[in-house]
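Step one of this worksheet: look at the structure below.
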There are 4 protein chains.
Amino acid sequence: MISSARPLRADAARNRELLLAAAEEEFAARGIDASIADIADRAGVAKATVFSHFASKEELIAAIVGNHFAELTVVARRLLTSADPEAALSDFLTEAAHGIKQQDLTFLRADDDSRVTELRNDLHEAVSALVDRARAAGVVRAEITGTDVFLLICAPVHIAGCHPDADPDLWRRYQAIIFDGLRPTRAELLPQPPPSWP
Amino acid sequence: MISSARPLRADAARNRELLLAAAEEEFAARGIDASIADIADRAGVAKATVFSHFASKEELIAAIVGNHFAELTVVARRLLTSADPEAALSDFLTEAAHGIKQQDLTFLRADDDSRVTELRNDLHEAVSALVDRARAAGVVRAEITGTDVFLLICAPVHIAGCHPDADPDLWRRYQAIIFDGLRPTRAELLPQPPPSWP
Amino acid sequence: MISSARPLRADAARNRELLLAAAEEEFAARGIDASIADIADRAGVAKATVFSHFASKEELIAAIVGNHFAELTVVARRLLTSADPEAALSDFLTEAAHGIKQQDLTFLRADDDSRVTELRNDLHEAVSALVDRARAAGVVRAEITGTDVFLLICAPVHIAGCHPDADPDLWRRYQAIIFDGLRPTRAELLPQPPPSWP
Amino acid sequence: MISSARPLRADAARNRELLLAAAEEEFAARGIDASIADIADRAGVAKATVFSHFASKEELIAAIVGNHFAELTVVARRLLTSADPEAALSDFLTEAAHGIKQQDLTFLRADDDSRVTELRNDLHEAVSALVDRARAAGVVRAEITGTDVFLLICAPVHIAGCHPDADPDLWRRYQAIIFDGLRPTRAELLPQPPPSWP
DNA sequence: TATGAATGAGCCTTCATTCAT
DNA sequence: AATGAATGAAGGCTCATTCAT
């Protein structure tokens, strides 16, 4: 999202943005096997230009995933200052779902890219703060951790994506169900201890 | 699982079974990009033999997915005859999760294979019966449909798979959360109407 | 030269031979950067066929170099049984020169391929025997070792190759000069100790 | 080395020199496939700057080779005025060897660059003068020509380079052997007539 | 002149699939 | 039915070179 090191020339910056957008669409449409050639085509640049911005396909993916994490972190931090802890958590999940183009950001899983790992941990931390506040306010079960919610971020979109012909807003239904499952209504303990975070 | 059309020779039937098993493992380990060569190696046959059993990679995948659907249908039908409607639904989700090798059976989504579609619809029907019974017994919300539960089958495993280093049983935690979200505790309506099924 | 492990099908063996020949010519003509595509074209097979015979370009080169070493070893061992030690050594260098297509077998240098290393050491040993016999017969200086002659094998062809428009037999001239340099005429010591061999 | 046509600005001249040095090192280290990018990096300039000095990679190589020829010509002419004809020829070969960074200046062979051809012919002429004097003094065989020695210049370094782990001075050994081969000890005629020079 | 960026051509390699035995 | 071999179609990546600033 925000380039930090070098202040790219205007045209290069534009191409970089075009490429990231094209890549995201292509990955969403074709999965992680989308070809660099198709991404370049969609962005309207030559194949080699992709590699002048991102040294490898892996690095391109890392940039996209990193951006997602960074954006979501911003959202989470902003909502942390809002008045209503319940609405804050709910709104976070809602805003997050909007950013998840179709099913394929499954690759939110670990890549051995240190920058991505760092950004992911930042997000994890911001989400945890949101969850802590919600728990303190009694709107989620005592046992629910930030890690739980972090893992659940993609679930509604993923679930809706299993439908062969889903309404674009179907994920809202499953988000509501999951959110209800997080509420402190039930007394029984959850079957597994909360997962730790590396 | 059950061959119907042609009476394969004994050794050919055995090879077919070996291939299906090898393919499933390989797909689970390497994702949908697992190569036919690796699958053949693991099954101990020549690459070309794969194509004498399955006309294409797509068909091989269809066979695996179809088998999964068929197995789950058997499970759902069996549980339909059990005494406790709540336990039946819960047990179904649990047994289903066991069959889902890691995250990659996301390809439960539509393939334009008529046999698979049929088997998927069979499963959908069996699950719906299970859900109808549970709903009638008041253990799930009135609005929850069989389609909802069908779409949720993979979710727990998928969610746990988002953790970089998850306990193999972590999915149980998220299954419990989702199951709680299905319960008729809350009065509010879910945000989206239940999805229809084609 | 001699395949040992599996008794390749007839057509495959033919293609392998075609490929080795085509590769050798192409490497001779274009240097080590000759492309696999050109080699495949020259052999009249598809590009992918090259890789079904040799897992990588490196392996193809190793096969060629290995064959050269093996052939020369055979020559050296045969000449070891001839009557005249001087003629034997001289003939070896002559026969060797015939096998060196143009300048580029400079890659007789080490590749980290264990089989090639082994074959190279075999040749080194055979040449050393030839040199030992020649030295004992007083036809080469006392200080000349097998390693010296091994290193000199390619020199005549290389030297002639420096001429922009050389007669195809020009290397014979430089081989004679070098051979004369090896003779025990002069009393002075050579400036460097004989190189060791790993 | 000596620019003749255009009076380069001081910094441009410096960059040109930096580039030539960097290119020579890079070619020596990585062979003729050294990339322009690496050369530019080593020289501390941008890639495009290389092309503002040399229109193509070929031209860059031609400049390097041309410089080598020019330098060696200077050496040969200087030694032509020394007292001892034998030492002069020997010293020439020795000084030449120093300038040949590893094996890869094999590209002393013909390039269709007229300036390089001219410089090469200058060197050929200077070497021939040296050889004529040596022959007249009876220190080389009657049949040895300047062309012979010209072709032999690179041989010692090349031969030593065939050793997988050579002492940096090993070429001296083979230079001595070759030089001995040039001496008028033997009466037999060399097998090929002396090559003509275009 | 120097450079950051862009690019077309080409390279090695992989893979699903076909063919002949 | 099973297989060893062959292959066309990509795919990721590199590089010399060009272009605009």
Side-chain angles (χ1 to χ4, degrees), chain A residues 6-16 33-40 44-60, chain B residues 8-16 33-40 44-60, chain C residues 6-16 33-40 44-60, chain D residues 8-16 33-40 44-60:
Chain A
R6 50 247 152 107
L8 281 178
R9 238 166 54 186
D11 54 346
R14 181 171 152 66
N15 269 353
R16 194 189 146 91
D33 293 322
S35 79
I36 295 282
D38 286 349
I39 290 170
V45 302
K47 223 179 352 172
T49 303
V50 180
F51 291 96
S52 84
H53 285 276
F54 308 96
S56 66
K57 191 180 182 180
E58 254 192 2
E59 200 174 285
L60 170 57
Chain B
L8 287 173
R9 246 170 40 193
D11 56 343
R14 178 168 157 66
N15 269 354
R16 194 187 146 90
D33 294 321
S35 79
I36 295 283
D38 286 349
I39 290 170
V45 302
K47 221 181 351 171
T49 303
V50 180
F51 290 92
S52 79
H53 284 277
F54 308 95
S56 68
K57 190 180 184 180
E58 252 191 2
E59 198 174 286
L60 169 57
Chain C
R6 50 246 150 106
L8 280 180
R9 238 164 55 185
D11 54 346
R14 181 171 150 66
N15 269 353
R16 193 188 147 93
D33 294 322
S35 78
I36 295 282
D38 286 348
I39 291 169
V45 302
K47 224 182 344 174
T49 302
V50 180
F51 291 96
S52 84
H53 285 275
F54 308 95
S56 67
K57 191 180 183 179
E58 253 191 4
E59 200 173 286
L60 170 57
Chain D
L8 288 174
R9 247 170 39 192
D11 55 344
R14 179 168 158 64
N15 268 355
R16 194 187 146 90
D33 294 323
S35 79
I36 296 281
D38 285 349
I39 291 170
V45 303
K47 219 180 354 171
T49 302
V50 180
F51 290 91
S52 78
H53 285 277
F54 307 95
S56 68
K57 191 180 183 180
E58 253 190 3
E59 199 174 287
L60 170 57

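Proteins come first, then strands; the chains are lettered A, B, ... in the order of their sequence lines, and each starts at number 1.
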Report task. Can you tell me the distance, in whole Å, between the CG atom of D33(A) and the C1' atom of dC15(E)? Result -> 12 Å
Report task. Can you see which heavy atom on I36(D) is nearest to which on K57(D), and at what distance? Result -> CD1-CG, 4.0 Å
Query raised in the report: Quick one: side chain to side chain contact (heavy atoms under 4.5 Å, CB included) partners of A37(D), sequence neighbours excluded?
Result: S35(D), K47(D)
Report summary line: Heavy-atom nearest pair, F54(C) first then R16(C), reads CE2-NH1, 3.5 Å
Report summary line: Picking from dT17(E), dA10(F), dT3(E), the nucleotide nearest the side-chain atoms of K47(C) would be dA10(F)
Requested in this report: Rounded off to whole Å, could you give me the CD1-to-P distance for the I36(B) and dG4(F) pair?
Outcome: 16 Å
Query - Of A46(D) and K57(B), the one whose closest DNA chain E nucleotide lies more 5' - result: A46(D)
Query raised in the report: Between atom CZ in F54(A) and atom C1' in dG12(F), what is the gap in whole Å?
Result: 16 Å
Query - Nearest-Å distance for atom pair CZ/P, residues R16(C) and dA6(F) - result: 12 Å
Query raised in the report: Between dA6(E) atom C1' and R14(A) atom CZ, what is the distance in whole Å?
Result: 15 Å
Query raised in the report: Base, sugar-phosphate alone, or nothing: which one does N15(B) contact when heavy atoms must sit under 4.0 Å apart?
Result: sugar-phosphate
**Report entry** Between C1' of dG12(F) and CG of D38(A), the distance in whole Å
**Finding:** 13 Å
Query raised in the report: Which residues satisfy the side chain to side chain contact (heavy atoms under 4.5 Å, CB included) test with A46(D), sequence neighbours excluded?
Result: T49(D)
Requested in this report: Give a yes/no answer on whether the side chain of H53(D) brings an N or O atom under 4.0 Å of OP1 or OP2 in dA2(E).
Outcome: yes
Query - Rounded distance (nearest 0.5 Å) linking atom OG of S52(A) with atom CG of N15(A) - result: 8.0 Å
Query raised in the report: Starting at the 5' end of DNA chain F, which residue's closest nucleotide do you reach first, A55(A) or V45(C)?
Result: V45(C)
Short heteroatom pairs, N/O only, protein and nucleotides 19-21 of chain E, under 3.5 Å:
none

Report task. Hunt down any stem DNA chain E takes part in, defined as 3 or more consecutive Watson-Crick or G-U pairs whose two distances are each under 3.5 Å. Result -> E:2-21 with F:2-21
Requested in this report: Using whole Å, report how far CG of L60(D) lies from C1' of dT17(F).
Outcome: 14 Å
Report summary line: Of dT1(E), dA16(F), dA6(F), the nucleotide closest to the side chain of S35(D) is dA16(F)
Query - dT7(F) phosphate, OP1 or OP2, under 4.0 Å from T49(C) side-chain N/O - result: yes
Requested in this report: Tell me which nucleotide among dT1(E), dT13(E), dA2(F) gets nearest to the side chain of F51(C).
Outcome: dT13(E)
Query raised in the report: Touch check for A34(A), heavy atoms < 4.0 angstrom, all strands: base, sugar-phosphate only, or nothing?
Result: sugar-phosphate
**Report entry** Whole-Å gap separating P (dC15(E)) and CD (E58(B))
**Finding:** 18 Å
Requested in this report: Please determine if a side-chain N or O atom of S52(A) lies less than 4.0 Å away from the OP1 or OP2 oxygen of dA5(E).
Outcome: no
